[in-house]
K.L.:
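I have a structure I would like to understand better, so I am pasting it below and will then ask my questions one at a time.
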Amino acid sequence: MNNNEKLSRMKELVEILNKASKAYYAEDVEIMSNFEYDKLYDELLALEEETGTILSNSPTQQVGYEVVSELPKQRHPARMLSLDKTKEVDALVSWLGDKEGLLSWKMDGLTVVLSYDNGKLVDAVTRGNGEIGEVITPNARTFVNIPGSIPYKKSLTIRGEAVITYSQFELINSTIEDVDARYKNPRNLCSGSVRQLDSSITAERGVRFYAFSMVEPSDQELLDRIGDSFEARFEFLRSIGFETVEYKKVDAASLPETVKWFSEKISSNEFPTDGLVLSYEDVAYGKSLGTTAKFPRDSIAFKWRDEEAETILRDIEWSPSRTGLINPVAIFDTVSLEGTDVSRASLHNITYVKDMELGIGDHIKVYKANMIIPQLSENLTRSGKVHIPTMCPACGGLTEIRNENGTETLNCTNPDCPAKHVKLFSLFVSRNAMNIDGMSEATIERFIGCGILHSLSDIYKLSEHRDVITGLEGFGEKSYDNLMKAIEKSRKADMAGFLYGLGIPGFGVANAKLVVRNYHSDIEKIMNAEYDELVNIEMIGDVLAKDFVAYFTDEKNRSEVEKLIGELDFVIEESSAEQDLEGMTFVITGSLNNYPNRDALKKEIEDRGGKVAGSVSSKTTCLINNDITSNSSKNKKAKSLGIPIISEEMFQSGVFE
């Protein structure tokens, strides 16, 4: 490669890396893996050294990316530099030399700078581009583990990482019904949570803060106390209420074993990390070394050299999603990485597949990004012979390639593709409907993608596809048997739950129970219900009645319902309870003491002839709330309408006023 070719490649790399950096720092989007970024970054760095030329917009000379949100901006008192990095333990040992150091986690969240004065938090600013960050003080006050006030009354500035735990990440994602709308990783969720304009949203996300350094204080008394010890600074921060990153003191001899100790903790670590940080224990010595244009010389980052394995690409599975997007997934001969067997990895989109020049039978290298997520790192064969399907694997409809901002994706054009109706399947199997345990949205999407689930009635024919199901990764014989048991159990069906699970527009569980009760559990009469009959049922208004009739008038819907009825045995529960609540409507709010949950109390009210509504209105008989004196919105509404607010005990005693 001559000098002109090298300069041309440098310009290309700068453009690619800056685009990825902007997406990562400013838009909370990851468009390439850390492995890919580091590989291209190192290539650019080598070319800069070879040519002696550094382009003005080179990412090797920049720190972070300009912030673009609507949050107020604030300049940092001192520029925040990024760290130089290595993947070699020997390089760490050489860097440390005969000095002592502290080795700690490099957490993968959002760097935040906290400023305290007179013991109170007065400022919280994100790292931003290293010089200017975003002010998130109201949000920081909601972090679950930072002290609002501290015993140290002089000015203090602390740097640390805001993170969200893996368990909290999974919990938040589980509340988002739309799979495609879920967060991709804890870092993106944390960044979006910390940079909210509404601090109440941040408060709900369970953000935690771990201090990793403090700006050198001007207080001589404190300096005398902590000396030049980095560890003493950590101890001081813990003594006044902060949690710090986990660290270990090391020297050149103990460093390799300590790196290994940290690496073995990754699989059980509750927090996302992307490496380690090694700092000189002697703060004064580290400070005396100064900085380069981009890096401080008192610390260095370590990233694990990703364990790679060579294998053979055997297939590409095209997996449809509810948005119509068809995602490619690599299937390859099983390899062991970081102690686990791996045989699948996401290929992201068509552009990625083309750039990698993939073809079935190619020899590829795979690794685990941050020792967790399987990714392809290299295609050794580069045959470029991948067949991009012209038909959707879920429905057989035509596919089309769309180009958005230079990225090509494959999409299903059929509006009736079952993959686009995952929510309906998910509703049907949900607890208040058919209650089929083990059929998560992810499982439903995989079954649809395999072509074994087209309609609701296909759920009761899944036993015909045992080999396909047990062949899916993570879905062995035990999972299959448990799912079949859950499906069989659901055949003994509650009629109201069944009607609710059909997804009739606006038709909830309460409406379904009213209809079932009105037609005395006669499914044929329910399917043939007329508009004039339905509107006479309390809580079934004009719109619901029309939608209900329209649903069963549709031949396709009716045929599917009849297939389902043929698979089910409806359990008709005759209530022996006295109908002493007939004509009464209750609203339930707050926590309960004597019932295991609201559904149990709701069932008792309905068994006794009453109704349960979701909101207080003039038709409400009583609001049940154990906290009668609270200022909740439901309590306020009830008081304004003159609706009695009663406790659980009052309800059980028959006191309704």
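All heavy atoms count here, side chains included; hydrogens, waters and symmetry mates do not.
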K.L.:
I want to check something: taking the side chain as every heavy atom from C-beta on, are I624 and L601 in contact at a cut-off of under 4.5 Å?
P.N.:
yes

K.L.:
Where do V353 and P328 come nearest, in terms of heavy atoms and distance?
P.N.:
CG2-CG, 4.1 Å

K.L.:
Say whether E648 and N626, considering side chains only, have a donor N or O and an acceptor N or O under 3.5 Å apart.
P.N.:
yes

K.L.:
Measure the CG-CZ distance between N349 and R402 for me, rounded to the nearest 0.5 Å.
P.N.:
14.0 Å

K.L.:
For a 4.5 angstrom cut-off between non-hydrogen side-chain atoms, does S430 reach Y500?
P.N.:
yes

K.L.:
How close do R205 and I164 get, heavy atom to heavy atom, and via which atoms?
P.N.:
O-CD1, 3.9 Å

K.L.:
For the side chain of S426 and the backbone of V422, is there at least one donor-acceptor N/O pair under 3.5 Å apart?
P.N.:
no

K.L.:
For N145, look at atom CG and say whether over 12 heavy atoms of other residues, nucleotides or ligands are found less than 6.0 Å away.
P.N.:
yes

K.L.:
Do Y519 and L534 touch side chain to side chain, with heavy atoms closer than 4.5 Å?
P.N.:
yes

K.L.:
Any side-chain heavy-atom pair from I316 and I331 closer than 4.5 angstrom?
P.N.:
no

K.L.:
For K619, is there any backbone N or O sitting under 3.5 Å from a side-chain donor or acceptor partner on S617?
P.N.:
yes

K.L.:
Please check if the side chain of H421 supplies one atom and the backbone of H454 the other of a donor-acceptor pair under 3.5 Å.
P.N.:
no

K.L.:
Backbone N or O of L564 within a donor-acceptor pair of the S457 side chain at under 3.5 Å?
P.N.:
no

K.L.:
Would you tell me whether N411 and T409 have side-chain atoms, one donor and one acceptor, within less than 3.5 Å of each other?
P.N.:
yes

K.L.:
Kindly indicate whether the side chain of S455, heavy atoms from C-beta on, has any atom under 4.5 Å from the side chain of P418.
P.N.:
no

K.L.:
Would you say the side-chain atoms of S191 pair up with the backbone N or O of R187, donor to acceptor, closer than 3.5 Å?
P.N.:
no

K.L.:
If you round to the nearest 0.5 Å, how far is NZ of K637 from OG1 of T589?
P.N.:
13.0 Å

K.L.:
Just verifying a value: how many Å separate Q652 CD and I646 CD1, rounded to the nearest 0.5 Å?
P.N.:
10.0 Å

K.L.:
Take atom NZ in K485; do more than 12 heavy atoms of anything else shown fall under 6.0 Å from it?
P.N.:
no

K.L.:
Nearest heavy-atom pair of T413 and L398: which atoms, and what distance?
P.N.:
OG1-O, 2.7 Å

K.L.:
Determine, for R608 against E582, whether the closest basic-nitrogen to carboxylate-oxygen distance falls under 4.0 angstrom.
P.N.:
no

K.L.:
Please give me the minimum heavy-atom distance between S193 and V207, naming the atom from each residue.
P.N.:
CB-CG2, 4.0 Å

K.L.:
Among residues at least two apart in sequence or on other chains, which ones pass side-chain contact (heavy atoms from CB on, under 4.5 Å) with E524?
P.N.:
D522, N528

K.L.:
Quick one: does N139's side chain have a donor or acceptor within less than 3.5 Å of a partner on V194's backbone?
P.N.:
yes

K.L.:
When you compare the side chains of Y352 and T407, does any donor N or O come within less than 3.5 Å of an acceptor on the partner?
P.N.:
no

K.L.:
Suppose we screen for side-chain hydrogen bond (donor to acceptor under 3.5 Å, both in side chains). Which residues come up paired with E567, at least two apart in sequence or across chains?
P.N.:
R491

K.L.:
Quick one: does T142's side chain get under 4.5 Å of E204's, heavy atoms only?
P.N.:
no

K.L.:
Step by step, work out the side-chain contact (heavy atoms from CB on, under 4.5 Å) result for F425 and L453.
P.N.:
CA-CA 10 Å; F425 286 92; L453 197 59; 3.7 Å; yes

K.L.:
Is the shortest side-chain N to carboxylate O distance from R558 to E560 below 4.0 Å?
P.N.:
no

K.L.:
Determine whether the aromatic ring centres of residues F475 and Y480 are separated by less than 6.0 angstrom.
P.N.:
no

K.L.:
CG of L623 to OG1 of T585: how many Å apart, nearest 0.5 Å?
P.N.:
13.0 Å

K.L.:
On a heavy-atom basis, which atom in A493 and which in S490 lie closest, and how many Å separate them?
P.N.:
CB-O, 3.6 Å

K.L.:
Just jot down the salt bridge (Lys or Arg N to Asp or Glu O under 4.0 Å) partners of D554, sequence neighbours excluded, or say none.
P.N.:
none

K.L.:
Could you pull out the closest heavy-atom pair between N631 and K636, with the gap in Å?
P.N.:
O-CE, 3.2 Å

K.L.:
Does I136 form a side-chain contact (heavy atoms from CB on, under 4.5 Å) with Q196? I'd like the steps, not just the answer.
P.N.:
CA-CA 8 Å; I136 49 108; Q196 287 288 329; over 6 Å; no

K.L.:
Only counting residues at least two apart or in another chain, list the ones meeting side-chain hydrogen bond (donor to acceptor under 3.5 Å, both in side chains) with K354.
P.N.:
E408

K.L.:
Check C395, C392, C412 against P320 for a side chain to side chain contact (heavy atoms under 4.5 Å, CB included) and give me the one that passes.
P.N.:
C392

K.L.:
Less than 4.5 Å apart, any side-chain heavy atom of V535 and any of I540?
P.N.:
no

K.L.:
For Y595 and E604, what are the C-alpha separation, side-chain angles and deciding distance, and is it a side-chain contact (heavy atoms from CB on, under 4.5 Å)?
P.N.:
CA-CA 10 Å; Y595 293 87; E604 179 177 325; 2.9 Å; yes

K.L.:
Is the backbone of M650 close enough, under 3.5 Å, to the side chain of S653 for a donor and an acceptor to pair up by distance?
P.N.:
no

K.L.:
Between the side chains of K546 and D542, is the shortest nitrogen-to-carboxylate-oxygen separation below 4.0 Å, so that they form an ion pair?
P.N.:
yes

K.L.:
Judged by atom type as modelled, is there a donor-acceptor pair below 3.5 Å linking the side chain of N536 to the main-chain atoms of D532?
P.N.:
yes

K.L.:
Do the side chain of S559 and the main chain of E555 share a donor and acceptor less than 3.5 angstrom apart?
P.N.:
no

K.L.:
Have S319 and E445 got a donor and an acceptor in their side chains that come within less than 3.5 Å?
P.N.:
no

K.L.:
Closer than 4.0 angstrom, basic N to acidic O: yes or no for D458 and K563?
P.N.:
no

K.L.:
Partners of S632 by side-chain contact (heavy atoms from CB on, under 4.5 Å), sequence neighbours excluded?
P.N.:
N625, S630, K634, N635

K.L.:
Around E270, counting heavy atoms of other residues, nucleotides and ligands shown, do more than 12 lie under 6.0 Å from its CD?
P.N.:
yes

K.L.:
Ring centroid separation for F548 and F507, is it under 6.0 angstrom?
P.N.:
yes

K.L.:
Assess the residue pair L472 and F447 against the criterion (side-chain contact (heavy atoms from CB on, under 4.5 Å)); give the C-alpha distance rounded to whole Å, side-chain angles, the decisive distance to 0.1 Å, and a yes or no.
P.N.:
CA-CA 9 Å; L472 294 173; F447 288 175; 3.8 Å; yes

K.L.:
Between E606 and K513, is the salt bridge (charged side-chain N to carboxylate O under 4.0 Å, His left out) condition met? List the steps.
P.N.:
CA-CA 9 Å; E606 290 173 344; K513 289 180 177 179; 2.6 Å; yes

K.L.:
Determine whether more than 12 heavy atoms belonging to other residues, nucleotides or ligands lie under 6.0 Å from atom CD of E530.
P.N.:
no

K.L.:
Who are the side-chain hydrogen bond (donor to acceptor under 3.5 Å, both in side chains) partners of T202, not counting sequence neighbours?
P.N.:
none

K.L.:
Looking at I643, T620, I645, T621, which hits side chain to side chain contact (heavy atoms under 4.5 Å, CB included) with V587?
P.N.:
T620

K.L.:
Would you call E317 and R344 a salt bridge, taking side-chain N to carboxylate O under 4.0 Å as the test?
P.N.:
yes

K.L.:
A side-chain contact here means heavy atoms from C-beta on lying under 4.5 Å apart; do P186 and Y166 qualify?
P.N.:
yes

K.L.:
Tell me if the aromatic rings of F656 and F586 count as close, with their centers under 6.0 Å from one another.
P.N.:
yes

